[in-house]
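Shown next, in structure tokens, is the structure this report addresses.
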Protein chains: 2
Amino acid sequence: MEKEISQAVIRRMPRYYRYLGELLDDGVERISSNELSTRMRVTASQIRQDLNNFGGFGQQGYGYNVKYLYDEIGKILGMNQRHNIIIVGAGNLGQALANYVKFEKWGFVIIGLFDVNSALKGISVRGIEVRMMDELEEFLKKNQVDIAALTLPKEKADEVANWLVNLGIRAIWNFAHLDLELPEHVVVENVHLSDSLMQLSYNIVRTEKSKDKK
Amino acid sequence: MEKEISQAVIRRMPRYYRYLGELLDDGVERISSNELSTRMRVTASQIRQDLNNFGGFGQQGYGYNVKYLYDEIGKILGMNQRHNIIIVGAGNLGQALANYVKFEKWGFVIIGLFDVNSALKGISVRGIEVRMMDELEEFLKKNQVDIAALTLPKEKADEVANWLVNLGIRAIWNFAHLDLELPEHVVVENVHLSDSLMQLSYNIVRTEKSKDKK
DNA sequence: TAGATTGTTAATCGATTAACAATC
DNA sequence: TAGATTGTTAATCGATTAACAATC
């Protein structure tokens, strides 16, 4: 039986991937868990434990080959395959995501942009034309869509998400400020910007308080 | 000595706040940890433990008063005070954030928008004019800025962040795809969209694999 | 008073760190 | 071969869950 890998580990993988990418760009050929731990400010033990969840990528006495490890983590994260994305909700955030070219470097390609607002009909963002929601069903039949990014008001999000799932969508990148209620087989990744801002605010308040104490 | 509250707890606080806000909107007056645990799909024990890090907000035999608890968590998160924000980097993401009116509901007010790109000079987003970076120092002298949101390419982010800190900024909401190297007293909250997308991708790949197994 | 539900202590579980034998 | 560093087991630490006495 497959051992389930904890979300704590998975959250760290993109960060390893990022650091290895930078090392690669800098022309570094090999690195030890110890050297990497110093750069990333984590323990070497954690790095080795994390990686060994997926396999033994290193070599005793040598360390890790940067290029090899980068590619392997890439595979683990699915960076070796293309992911077609549609953005549902073509407001500011939706358009900002559509404009974000960097994602394509990792194989995430935005192939559609949808909205209910007919004022947006016909406008294009980086060559991607905004379509109306009633064209979505047809679009999903003709195109393989791997991920739907939800950038719409929370009032509509749950309904739209369920509708998308019924049409066959299996993965949702949710920017709406609510917890979606979806069948278990659907993969959901949340980006709650206001939660993030509140955490920041908490830490500001906390810092101010500890200053008062001194 | 003040006991340090773990980041795991802090990450959950905005979610409690959100659920309580919804209950409040629905006119619910009181709620037990048990009832709330069912809605939020966490254990009642965790809810009580989390809250008791900050104080005893409930009453035996009664539960929690929704309005009171909502306000108290609001205070913990600093939602009772105004936070002035500047956005540094007026590209798509920066403009999207500037357009996001919802933040003001929680007291986060965007008071400035800065960029190096002179092509953007003079344009306005929701009444906030884009200023050039060389006006920033003067702006910080004249206005109280609590948070700087960094929405610029990672190549510039570290330099700009350090410069901002030297000018007195104490909190940074970082959207650039790198880890900022800043003095310890500076509070940083990261939003790494590509990390989030990679986590989603990992979970898609994982789901596909477990399907193959069956 | 009896019932309900908190606040809090104790038990369990999981994640992180340390240690070291295996091995390149 | 000697030195370095991994992979992995064992120890520790912290976070979550369970249990229950306190109390409204």
Side-chain angles (χ1 to χ4, degrees), chain A residues 1-16 19-20 23 28-73 76 199 202-203 206, chain B residues 1-16 19-20 23 28-73 76 199 202-203 206:
Chain A
M1 133 134 197
E2 198 93 341
K3 62 177 183 302
E4 194 72 18
I5 292 161
S6 81
Q7 287 295 319
V9 173
I10 294 159
R11 259 201 309 276
R12 288 193 289 266
M13 295 310 286
R15 188 154 178 264
Y16 293 134
Y19 272 81
L20 287 163
L23 287 169
V28 178
E29 208 170 85
R30 70 192 181 95
I31 194 157
S32 69
S33 57
N34 207 270
E35 164 76 13
L36 188 58
S37 81
T38 309
R39 294 189 185 233
M40 295 185 67
R41 295 170 201 271
V42 295
T43 62
S45 205
Q46 181 165 76
I47 293 175
R48 295 203 300 275
Q49 286 278 25
D50 282 352
L51 296 179
N52 279 89
N53 280 299
F54 302 98
F57 303 124
Q59 200 168 79
Q60 284 95 331
Y62 171 87
Y64 298 89
N65 178 286
V66 173
K67 171 79 174 119
Y68 175 71
L69 184 56
Y70 177 78
D71 287 343
E72 287 301 311
I73 295 180
I76 290 163
Q199 278 180 64
Y202 171 84
N203 284 312
R206 183 183 54 85
Chain B
M1 129 131 201
E2 197 94 343
K3 64 177 181 302
E4 195 72 20
I5 291 161
S6 80
Q7 287 295 318
V9 172
I10 294 157
R11 259 201 308 276
R12 287 193 289 266
M13 296 310 287
R15 187 153 180 263
Y16 293 134
Y19 272 82
L20 287 162
L23 287 168
V28 177
E29 209 171 83
R30 68 191 182 95
I31 194 155
S32 68
S33 57
N34 208 268
E35 164 75 12
L36 188 58
S37 81
T38 309
R39 292 189 185 234
M40 294 186 67
R41 297 169 199 268
V42 296
T43 64
S45 205
Q46 181 164 77
I47 293 174
R48 295 204 300 277
Q49 287 278 26
D50 282 353
L51 297 179
N52 278 88
N53 280 298
F54 301 98
F57 303 123
Q59 200 167 80
Q60 284 95 333
Y62 171 87
Y64 298 88
N65 179 285
V66 173
K67 171 79 172 118
Y68 175 71
L69 186 55
Y70 177 79
D71 288 343
E72 287 301 312
I73 295 180
I76 290 164
Q199 278 179 64
Y202 171 84
N203 283 313
R206 184 182 55 82

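A, B, ... follow the sequence lines: proteins, then strands. Residue 1 opens every chain.
The stretch residues 58-73 of chain B touches DNA chain C through B:Gly58, B:Gln59, B:Gln60, B:Gly61, B:Tyr62, B:Gly63, B:Tyr64, each having a heavy atom within less than 4.0 Å of the strand. For residues 34-54 of chain A, proximity to DNA chain D is found at A:Arg48, A:Gln49, A:Asn52, defined as any non-hydrogen atom under 4.0 angstrom from a strand atom.
Partners of B:Arg11 under the salt bridge (charged side-chain N to carboxylate O under 4.0 Å, His left out) rule, at least two apart in sequence or in another chain, do not exist in this structure. Looking at residues two or more places apart in sequence or on another chain, you find a ring pair (Phe, Tyr, Trp, His ring centres under 6.0 Å) between A:Tyr70 and A:Tyr17. B:Arg39 pairs by the salt bridge (charged side-chain N to carboxylate O under 4.0 Å, His left out) definition with B:Glu35, not counting sequence neighbours. With sequence neighbours left out, the side-chain hydrogen bond (donor to acceptor under 3.5 Å, both in side chains) criterion links B:Ser37 to no other residue. Residues that satisfy the side-chain hydrogen bond (donor to acceptor under 3.5 Å, both in side chains) test with A:Ser32, not counting sequence neighbours, are absent from this structure. A search for side-chain contact (heavy atoms from CB on, under 4.5 Å) contacts involving A:Val42 returns A:Arg15, A:Met40, A:Gln46, A:Ile47, not counting sequence neighbours. Every residue was checked against the side-chain hydrogen bond (donor to acceptor under 3.5 Å, both in side chains) condition with A:Asn52, not counting sequence neighbours, and none meets it.
The minimum heavy-atom distance between A:Ile73 and A:Tyr16, with the atom names listed, is CD1-CB, 3.9 Å.
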Given Watson-Crick or G-U pairs with both distances under 3.5 Å, what dot-bracket string fits DNA chain C, with | for other-strand pairs and [ ] for crossing?
-> ..||||||||||||||||||||||

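Interface limits on DNA chain D: the 5'-most and 3'-most nucleotides within less than 4.0 Å of chain A heavy atoms are D:dA4 to D:dA10.
Taken to the nearest 0.5 Å, the CD atom of A:Glu72 stands 11.5 Å off from the CG atom of A:Leu20. Residue A:Asn34 holds its CG atom at 8.0 Å from CZ of A:Arg48, rounded to the nearest 0.5 Å. To the nearest 0.5 Å, atoms CD (B:Glu4) and CZ (A:Arg206) are separated by 5.5 Å. Taking CD1 of A:Ile76 as the start and CG of A:Leu51 as the end, the distance is 7.5 Å to the nearest 0.5 Å.
Nearest-nucleotide mapping onto DNA chain C: of A:Ser6 and B:Gly56, the residue sitting toward the 5' end is B:Gly56.
Residue A:Arg30 is classed as having no contact, given no heavy-atom separation below 4.0 Å to the nucleic acid.
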Solution key, residues 53-62 of chain B side-chain donor-acceptor pairs under 3.5 Å, sequence neighbours excluded:
residue, atom, partner, partner atom, Å
B:Asn53, ND2, B:Gln49, O, 3.2
B:Asn53, ND2, B:Asp50, O, 3.2

